[in-house]
Amino acid sequence: MEIPAKYNPAAVEDKWYSYWLKNKFFHSEPNEKEPYTIVIPPPNVTGVLHMGHMLNNTIQDVLVRRARMKGKNACWVPGTDHASIATEAKVVAKLKAEGIEKSSLTREEFLTHVWEWKEKHGGIILEQLKKLGASCDWDRTKFTMDAPMSRAVINTFVYFYKKGLIYRGVRMVNWDPESLTAVSDEEVIHRETKSKLYYLRYYLSENGKPSGRYIVIATTRPETIMADAAVCVHPQDERYKDLKGKKILIPLIDKEIPVIEDSYVTMDFGTGCLKVTPAHDINDYEIGLRHKLPVLDIIDEHGKLNEKARILVGEDRFAARKKIVEMLRQGGYLEKEEDYISQVGYSERTNAVIEPRLSLQWFLKMESLAKKALEYVESDTIRLIPDKFKNTYRHWMENVKDWCISRQLWWGQRIPAYYLPGGEFVVEPDEETAIEAARKIDPSVKAEDLRQDEDVLDTWFSSWLWPVSVFDPEKPGFPDRKPNRELAYYYPTNDLITAPEILFFWVARMIMAGNEFTGKIPFENVYLTGIVRDKLGRKMSKSLGNSPDPIKLMESYGADGVRVGMLLCSSAGNDILFDESQVEQGRNFANKIWNAYRLVQGWETDENEMQPEYAALAVKWFENRLNKAIGQIEDHFRKFRLSDSLMTVYKLFWDDFCSWYLEIVKPGFRAKMDSATYGTTVKFFDSLLKLLHPYMPFITEELWQNLKERKDGETLMLERMPEEAPYSEELLASFDVAAQAVMNIRNIRQSKNISPKEPLELHAGLPYKDEMGPIIRKLANVSAIRVLPKLETDARGVNFMVDTIEFFVPLKNFIDVEAEVAKMKAEMEYLEKFLKTVNGKLSNEKFVQNAPAAVVEMERKKKSDAEMKIENLKNRICILTKA
RNA sequence: GGGAGCAUAGCUCAGCUGGUUUAGAGCAUCUGCCUUACAAGCAGAGGGUCAGGGGUUCGAAUCCCUUUGCUCCCACCA
């Protein structure tokens, strides 16, 4: 059968993926084997695949496939996250485009729309992962809002509430006026933003009327002055000593406020006077608490001024800022304005400027949870890879603040707090138990009197249960409950592959929840991938349009090619600068494998043919080479050096197998191959396909299926990975000498214009052992190798050295003596310099005394080798110049 | 403002406990080749003051200090 010269991934990938699915090769059930478990970091249910997912999931798939081939019961649990803010925002936008306002819908109506959207778009990303070859156990696919998963969330809320760790309180929260919800500290991104610092005159009050005297206050937020509760100066500030106990009037509205003293104020910033606005600034709020100042909230949930502001009511905060500046200017209150760069908080989800806002929220106390979570990482019970993230992890855990877990959204798990008409509330997993509990407070309460909290829980409050709840959703919330069979078998999971940006959002919290409910860690290793950037180092984003479409990429380069491209440039924790040329390299590698297969399968064998000597030697050498590489690969995996492991296989296949092994055993034109060599070659190919499979599942399955007759239901996926075996370093070294000789002879042919078809003779000096002679003869077309105790050279031929072995290739014609001598002189110069540094070391008594014996010995060998080489060159130059 | 990390070939990175390192790989570049598996290939070649400076040491890309330049994390001095 004619095989095309180029590998066509499209013809192969879908075929094998459905074969794997059909045979349920990805499916795992608890059994007597050792488990290997990964839970996927659940992507947003409405998301589409981006390059970050590609990297992340390729790594997971490599680890899972490899574990499976090492005989473990590998289980990779896939799923999606309901992502409350992101999903709700998307659906709100979609409804708006259809002319429907969220506010016109009831909660139930809105949720129906979201579920519809989820059914339609949810899972696109999972389908895309299949294109990548991800060997997830799809039968286990979970969604964070599946009924059992949601119940787990509710149960944990009730658990922590009853444990006293969840409380409700009025706090300054980060308010997102776009999505109309509070967000956690971690979801606020601070960016330097150009703004202005306004210097305003606040007049001293004389019986409620402005006196002639004023003080100047610097502010970036003049639109909040109506909410000022005081003016604050530093107690030690001499300039304002006489203001003590005085009253000040807020400009424009002439409201009287006190002057207070607090050491929070920095004397040398601005004017040393601070306006205190407890409702709209976190620090001011704290000052307000210390001085018992009234809190006047003048900005509503949309970021507009409300009627309490008295002026500019209904204006957006930014419009109001412009307008009030104008009013202040006209009123003579504006002393000056300066350009100013300040750190402004933006919502991670909507990019709206965060408004500090007082509101009633639910919080989880973190201190006790964080303690244990820190210990696990500090003691390396959980390993972070790379471990430089331990520092940031520690810093966060030591400075952890209570977690605001309520969100003013509808999409998510609704907080199971039920309010009685009297204002009291109970926290219970469902309405029935809530009524029972409520009746203990007020026996007359009826079911319809209870009102459930309107808010839902932060998405991370559900995803922190993920490694537990995907196996046993009944367990979270009940630490004493016996784990089910699945949890007992698969948990703790082995490796977690995720991005460092969610180390705190997610990883740390999974450790907390895992420990709380199972008493165990959720995973052993956390491999933190870098951010995928474009080749200019910019983060890939939709707005920049610098992110390639992963699906298109796979269509043009093949999934295997893309996987290889991603892996080659990704070391743990480093950002990866993505460039299509890397993917091209992956595709080229797939093509190389394809063509090696074409070569091997095209060979015809002859039972009666004897195995040539060169083939026997090549087999012996490659066996050793393979074993060495397997050891190196094992080592790389132990250290999570995935790109190095791939590079090792890459070179093993391309350089050692294709460029050397196959070239040696390749029979002459139209000749047949002996069946022993053929059989071994197929065996080697088989081993290589196994080593390659975790990185390149599709092409390897395709070739493995064709390499021999296979039965239906057989798969490379479940074959055993070749195992480490001893090898001989001497044998490999001996081959290297031969390989060097071959390369030198090829070089000579090229520079002297001698056809590869013309046989040459080779003379070798004494340290040479002719173990690999047949290989040199075959690859370099050498008719005979003469090993001579004393090499005799003349101007009719070229010499070269491999290590300290001298070779000579006699030629028919005289050579260009001048050029040859020049080359050797350059070589000699290099060696003499080298010798000088070595001699420098050896003549240094302190070195000889202090350095380890082995190091000194090494230097001595360097010295004698260099001396010997120089001697050889001298002789040769002497012979050539005399002749 | 505080903390952490990084800086090695044109690019992406190795270099692990200081000693086969006058520093390696892959890609890219250049020069030959459409040689009967592969031009998505083959055979060669060039390319580096290990960011700058100082120190420790017999010995430094590696350890310490410092300068510069990037990156990240934390922190709302209005």
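The chains referred to below are lettered A, B, ... by the order of the sequence lines, with proteins before strands, and numbering in each begins at 1.
- Between A:R317 and A:E223 there is no salt bridge, since no side-chain nitrogen of the basic residue lies less than 4.0 Å from a carboxylate oxygen of the acidic one.
- Here B:rU22 presents its P atom at 18 Å from CD of A:E829, a figure rounded to the nearest Å.
- The P atoms of B:rG52 and B:rU62 are separated by 11 Å, rounded to the nearest whole Å.
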Please convert RNA chain B into dot-bracket. A pair counts if it is Watson-Crick or G-U wobble with both distances under 3.5 Å; crossing pairs go in [ ] and bases paired with another strand get |. (((((((..((((.....[....)))).(((((.......))))).....(((((..]....))))))))))))....
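- Nucleic acid contact class of A:R641 (heavy atoms, under 4.0 Å, all strands): sugar-phosphate only.
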Using nucleotides 57-63 of chain B, report all nitrogen or oxygen pairs with the protein that are shorter than 3.5 Å.
{"unit_1": "B:rC58", "atom_1": "O2'", "unit_2": "A:N844", "atom_2": "ND2", "d": "2.7"}

Short heteroatom pairs, N/O only, protein and nucleotides 70-78 of chain B, under 3.5 Å:
{"unit_1": "B:rC77", "atom_1": "O2", "unit_2": "A:T266", "atom_2": "OG1", "d": "2.4"}
{"unit_1": "B:rA78", "atom_1": "OP2", "unit_2": "A:Y340", "atom_2": "OH", "d": "2.5"}
{"unit_1": "B:rA78", "atom_1": "O3'", "unit_2": "A:T220", "atom_2": "OG1", "d": "3.4"}
{"unit_1": "B:rA78", "atom_1": "O2'", "unit_2": "A:A218", "atom_2": "O", "d": "3.2"}
{"unit_1": "B:rA78", "atom_1": "N6", "unit_2": "A:T266", "atom_2": "O", "d": "2.8"}
{"unit_1": "B:rA78", "atom_1": "N6", "unit_2": "A:F269", "atom_2": "O", "d": "2.9"}
{"unit_1": "B:rA78", "atom_1": "N1", "unit_2": "A:T266", "atom_2": "N", "d": "3.3"}

Do nucleotides 39-45 of chain B as a string where each nucleotide becomes B, S or -: B if the base has a protein heavy atom under 4.0 Å, S if just the sugar-phosphate does, - if no protein is that close. -BSSSS-
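- Salt bridge status for A:R357 with A:E355: absent, with no side-chain N to carboxylate O gap under 4.0 Å.
- The separation of B:rU8 from B:rC50, taken at their C1' atoms, amounts to 4 Å, rounded to a whole angstrom.
- Remark: A:D635 pairs with A:R638, A:K639 by the salt bridge (Lys or Arg N to Asp or Glu O under 4.0 Å) rule, at least two apart or across chains.
- When each of B:rA14, B:rU20, B:rC16 is scored by its nearest atom to the side-chain atoms of A:M858, the top-ranked nucleotide is B:rU20.
- Considering A:R587, A:Q585, A:E580 in turn, A:E580 is the only one that fulfils the side chain to side chain donor-acceptor pair (under 3.5 Å) rule with A:Y557.
- Atom CE of A:M566 is separated from atom C1' of B:rC13 by 15 Å (rounded to the nearest Å).
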Let me see the working for A:W175 and A:I354 under side chain to side chain contact (heavy atoms under 4.5 Å, CB included), right down to the final yes or no. CA-CA 5 Å; A:W175 185 260; A:I354 291 295; 5.6 Å; no
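- Aromatic rings from A:F653 and A:F657 are positioned such that their centres are separated by under 6.0 Å.
- Residues A:T498 and A:T529 fail the side-chain proximity criterion, which asks for heavy atoms closer than 4.5 Å.
- Residue A:M647 is in sugar-phosphate contact alone, with no base atom involved, counting any heavy-atom pair closer than 4.0 Å across all strands shown.
- Taking only side-chain atoms of A:V855, from C-beta outward, the nucleotide of B:rG19, B:rC38, B:rA14 with the closest atom is B:rG19.
- Residue-level contact check: A:E580 touches neither bases nor backbone, having no heavy atom under 4.0 Å from any strand.
- In this entry the distance linking CD of A:Q585 with C1' of B:rA25 reads 11 Å, nearest Å.
- A gap of 43 Å separates the P atoms of B:rA45 and B:rU57, to the nearest Å.
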For A:D865 and A:K861: C-alpha separation, side-chain torsions, deciding distance, then whether salt bridge (charged side-chain N to carboxylate O under 4.0 Å, His left out) applies. CA-CA 6 Å; A:D865 283 3; A:K861 186 171 172 357; 2.9 Å; yes
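- Partners of A:T266 according to the side chain to side chain contact (heavy atoms under 4.5 Å, CB included) rule, which considers only residues two or more places apart in sequence or in another chain, are A:D268, A:F269.
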